[in-house]
Amino acid sequence: MLKKIYRFFIYLFISSLIYVIIIKLVEPPITITQLTNAFGLGLKRDYVSWNEMSYNIKLAALASEDQSFTDHSGFDWDAIEKSLRPKKKKKSKIPIGGGASTITQQTAKNVFLWQGGKYDKYIRKIPEVYFTFLIEWVWGKKRILEVYLNVIETGPGCFGVEAAAQHYFHKSAKNLSRAEAAMIVAGFPNPKKFTARPMTRRVSWRYPQILREMNNIEGDEDVRALLKK
């Protein structure tokens with residue numbers, strides 16, 4: 001019995017490692033989240049390469065979602081610790097975003113797993129941790145950010161920054177301005193609800209903050225090195 005369990009986990013590890021290596025080289029197939037959306041809002045996605053994404057959208061994602069991305073190994077332990085502390089103030093009615101979940105964790109969830117509900121997110125956490133470590137090890141930061149920006153939900157029925165750029169601004173992701181990039185990223189907490197056009201209250205309030213954060217982190221040596229690759 002123990003040998004069978006051991007073989008089963010060895011098989012899972014080898015098969016998942018092979019799949020992660022494949023996704024390092026080719027674009028991910030349809031994800032579970034994309035598939036579930038396809039039956040309701042439809043599915044707009046158009047994967048583009050690193051060089052077909054504007055510098056602005058990469059910087060906006062880092063500024064809003066994970067400013068420690070170039071420094072951590074998949075998990076932002078400081079942010080996790082802060083998230084576990086008792087909240088002294090009432091939560092804002094408008095979510096700010098970022099949080100303790102890193103871009104690597106979000107990518108692992110979006111590509112390999114599913115969006116967690118109230119209870120099944122705890123079941124998802126173990127494989128999420130596993131895939132987070134695995135893609136940090138196999139892919140590296142550039143590929144993680146590239147895949148993240150291609151698979152993240154960016155609007156009603158839209159996945160990836162190219163679909164969002166076309167949907168909201170009728171241009172390619174390569175030509176997004178700083179403000180346009182910040183507007184798209186401002187809707188990431190709930191892109192079905194928070195839209196750039198028509199601009200919802202959340203986006204109008206949040207995107208100027210993201211622009212300021214973009215200016216703040218732009219001078220970081222590690223950020224500059226990553227975005228110039």
Engineer: For side-chain contact (heavy atoms from CB on, under 4.5 Å), just list the numbers for V223 and L59, CA-CA rounded to whole Å, side-chain angles, deciding distance to a tenth of an Å, and then say yes or no.
Structural biologist: CA-CA 8 Å; V223 171; L59 183 63; 4.1 Å; yes
Engineer: In the single-linkage hydrophobic clustering (I, L, V, M, F, W, Y; side-chain heavy atoms under 4.5 Å), do Y11 and F9 co-cluster?
Structural biologist: no
Engineer: Does a side chain donor of either S172 or N175 reach within less than 3.5 Å of an acceptor in the other side chain?
Structural biologist: yes
Engineer: Which pair of non-hydrogen atoms, one from A108 and one from F131, has the smallest distance, and what is that distance?
Structural biologist: CB-CB, 3.8 Å
Engineer: Has the side chain of S64 got a donor or acceptor atom that lies under 3.5 Å from a matching backbone atom of A61?
Structural biologist: no
Engineer: To the nearest 0.5 angstrom, please state how far the OH atom of Y55 sits from the CZ atom of R178.
Structural biologist: 6.0 Å
Engineer: So, the side chain of Q105 versus the backbone of T102: is there a donor-acceptor pair under 3.5 Å, distance only?
Structural biologist: yes
Engineer: Would you say NZ of K174 has more than 12 non-hydrogen atoms from neighbouring residues, nucleotides or ligands within 6.0 angstrom?
Structural biologist: no
Engineer: Rounded to the nearest 0.5 Å, how far apart are CH2 of W205 and CZ of F194?
Structural biologist: 9.5 Å
Engineer: Would you tell me whether R212 and Q209 have side-chain atoms, one donor and one acceptor, within less than 3.5 Å of each other?
Structural biologist: no
Engineer: Should the pair K24-E136 be classified as a salt bridge under the 4.0 Å nitrogen-to-oxygen rule?
Structural biologist: no
Engineer: Roughly how far, to the nearest 0.5 Å, is OG1 of T107 from CG of L145?
Structural biologist: 8.0 Å
Engineer: Look at the rings of Y130 and F13 and say which category their plane angle falls in: under 30° parallel, 30 to 60° tilted, over 60° perpendicular.
Structural biologist: perpendicular
Engineer: Verify side-chain contact (heavy atoms from CB on, under 4.5 Å) between E128 and Q106, making sure each step is shown before the conclusion.
Structural biologist: CA-CA 9 Å; E128 182 182 310; Q106 293 180 55; over 6 Å; no
Engineer: State plainly whether the residues E27 and R45 are in salt-bridge range, i.e. N to O under 4.0 Å.
Structural biologist: no
Engineer: Report yes or no: does K58 contribute a side-chain atom to a donor-acceptor pair with the main-chain N or O of L149 at less than 3.5 Å?
Structural biologist: no
Engineer: Judged by atom type as modelled, is there a donor-acceptor pair below 3.5 Å linking the side chain of T154 to the main-chain atoms of G160?
Structural biologist: yes
Engineer: Report yes or no: does R143 contribute a side-chain atom to a donor-acceptor pair with the main-chain N or O of I23 at less than 3.5 Å?
Structural biologist: yes
Engineer: Say whether, by atom type as modelled, one donor and one acceptor occur between the side chain of D66 and the main chain of I103 under 3.5 angstrom.
Structural biologist: yes
Engineer: So how far is it from T104 OG1 to L134 CG, rounded to the nearest 0.5 Å?
Structural biologist: 12.0 Å
Engineer: Rounded to the nearest 0.5 Å, how far does CD1 of I22 lie from CG of L17?
Structural biologist: 10.0 Å
Engineer: Determine, step by step, whether L226 and K142 satisfy the side-chain contact (heavy atoms from CB on, under 4.5 Å) criterion, reporting the C-alpha distance in whole Å, the side-chain angles of both residues, the deciding distance to 0.1 Å, and the verdict.
Structural biologist: CA-CA 7 Å; L226 173 64; K142 178 181 175 181; 4.1 Å; yes
Engineer: Between R197 and M183, is the side-chain contact (heavy atoms from CB on, under 4.5 Å) condition met? List the steps.
Structural biologist: CA-CA 9 Å; R197 288 187 176 174; M183 289 177 197; 5.8 Å; no
Engineer: If you measure from CG on L62 to CD on E213, what distance do you get to the nearest 0.5 Å?
Structural biologist: 12.0 Å
Engineer: Ignoring hydrogens and geometry, is there a side-chain-to-backbone donor-acceptor pair from D46 to E162 under 3.5 Å?
Structural biologist: no
Engineer: Around atom NZ of K171, are there more than 12 heavy atoms of other residues, nucleotides or ligands at under 6.0 Å?
Structural biologist: yes
Engineer: For the backbone of D71 and the side chain of S68, can you confirm whether one donor and one acceptor N or O come within less than 3.5 Å of each other?
Structural biologist: no
